[in-house]
Amino acid sequence: MKVGVPQEVAPGERRVALVPETVSRLGEGVTAVIAPSAGVAAGFPDEAYAEAGAELGDPWSADVVVKVATPTAEEVARLHAGQVLVAFLAPLTDAAGVQRLAAAGVHGLALESIPRITRAQPMDALSSQATVSGYKAALVAADRLPRFLPMLMTAAGTIPPAKVLVLGAGVAGLQAIATARRLGGVVSGFDVRPAVREQVESLGATFLDLGVQGEETEGGYARELTAEQQVAQQAELQARIPGFDVVITTAAVPGRAAPKLVTADAVRGMRPGSVIVDLAAETGGNCELTRPGEETVEGGVTIVGTTNVPSTMPTHASQLLSRNMAAIVGLLAKDGELVLDWNDEIVAGACVTRQEVAA
Ligand code: NAD
């Protein structure tokens, strides 16, 4: 069985779907075929892949193609019916992309659709990449802030610690909380899922009680708040946000535009020099003033709307993604042959397009 790894072509994408470390762990009879230079932007030269036992060549004819971003129309044209593609396919928002794959007869397995069950945890690429984003968000906030994060006692007097608020405490939010705490900030967190309070507190942060509580789906995600709940949340936050130096937002509801948590008025209430890092920028942003892909300053408040944050730390983002991919490949390879077991909850759950076979 061959596993193909193309060079990513999306602008700014520096990650690669398999790193050399994983190549030798794909299992007996499974060979990786890496497109030349595919790993260079992530810090993995061709020689490292060759040393690990990979072939360098055309990845598109492999039995399974693993990649990061959803394929372009040109890339889909290089795939053939019956082939398996594993990637972030944005199944809830990119109907045209999914349609393209379906028309090509490709078995598309979307990383976003892998069920969040215990057995699938090693395959959970949403979580592995969110870990990178949360960590980086805290570092970017610390970097943009014109003041210290920790409390400092110096001969020139004492500097009080910065106050950090993290909105949305899923995988990225909890990592942002942990990182901001390690940097010495005084951290508060908020999430609409009630189960999160304990996790926030276990990291040494304070849970901000806004009096707004949402529901959790079976998959562990938040349900969208009602219109009244959203208004109540915005009003409560508007009153609290001016007290913080940093606001990191990570709130998301799968398949929906990011909930607007931080209004323009709330930004205007913040002290000059404060920083907002909006990790939901890709889906429109949690802050009304976020410009996706840009960093702006509004009334002295820096708003960071960087998209594709994992790609800014491509080495470890790729390494984690690669381990997720290896676990998925392990599910598809039986004695070095590709076997798609549609009775497997993970294979069936991840599959968003499938080759139609005449009965
Ligand atoms: P996500 O990226 O979809 O959302 C980020 C966070 O935003 C979530 O915690 C969500 O509750 C929160 N949110 C949504 N609307 C909000 C609002 N209006 N205000 C404030 N917060 C809001 O979620 P995620 O980080 O991918 O995962 C969420 C949870 O899923 C995890 O914390 C975990 O409990 C669960 N999970 C389970 C597994 C598993 O069992 N295998 C794996 C990963 C995650």
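Keep in mind the model is a prediction, meaning the values are calculated, not measured. All residue numbers in this chain count up from 1 along the given sequence. Both counts, for ligands and for their atoms, begin at 1 and track the order of listing.
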With no hydrogens and no angle check, do the side chains of [X] and [Y] hold a donor and an acceptor under 3.5 Å apart?
X: Ser61; Y: Arg78; result: no
X: Glu282; Y: Asn308; result: no
X: Asn324; Y: Ser128; result: yes
X: Lys136; Y: Thr312; result: yes
X: Gln129; Y: Arg15; result: yes

Counting N and O atoms only, with roles assigned by atom type, does the side chain of [X] sit under 3.5 Å from a partner on the main chain of [Y], one being a donor and the other an acceptor?
X: Thr306; Y: Val309; value: no
X: Gln238; Y: Thr263; value: no
X: Gln234; Y: Lys260; value: yes

Among all protein heavy atoms in this structure, tell me which lies nearest to [atom], with the distance rounded to 0.1 Å.
atom: atom 19 (N) of ligand 1; result: Gln233 NE2, 2.8 Å
atom: atom 29 (C) of ligand 1; result: Gly220 O, 3.2 Å
atom: atom 41 (N) of ligand 1; result: Gln121 CG, 3.2 Å
atom: atom 3 (O) of ligand 1; result: Tyr221 CD2, 3.4 Å
atom: atom 8 (C) of ligand 1; result: Asp191 OD2, 3.4 Å
atom: atom 25 (O) of ligand 1; result: Val171 N, 2.8 Å
atom: atom 24 (P) of ligand 1; result: Arg116 NH1, 3.5 Å
atom: atom 31 (C) of ligand 1; result: Arg193 NH2, 3.7 Å

Min heavy-atom dist [X] to ligand 1 below 4.0 Å:
X: Leu126; answer: no
X: Leu167; answer: no
X: Ala169; answer: yes

query: Looking at ligand 1, does any of its N/O atoms fall within less than 3.5 Å of an N/O of Val196?
result: no

I need the contact type for [X] against ligand 1. Using non-hydrogen atoms and a strict under-4.0 Å cut-off, is it side chain, backbone, both or neither?
X: Leu174; value: neither
X: Ser127; value: side chain
X: Leu261; value: side chain

message: My understanding is that we take every heavy atom of each candidate and find the minimum distance to atom 14 (C) of ligand 1. Doing that for Ala252, Gly168, Gly134, Ala280, which one comes out nearest?
response: Ala252

- request: Over 60° means perpendicular and under 30° means parallel, so classify the ring planes of Phe44 and Tyr49, tilted if in between.
  value: perpendicular

Note, Trp342 side chain near His107 side chain (heavy atom, < 4.5 Å): yes

query: According to a 4.5 Å side-chain heavy-atom criterion applied to Ile, Leu, Val, Met, Phe, Trp and Tyr, with indirect links allowed, do Val68 and Leu101 form part of one hydrophobic cluster?
result: no

query: Which of the atoms of ligand 1 are close to Leu225, meaning less than 4.0 Å from one of its heavy atoms?
result: 18 (N)

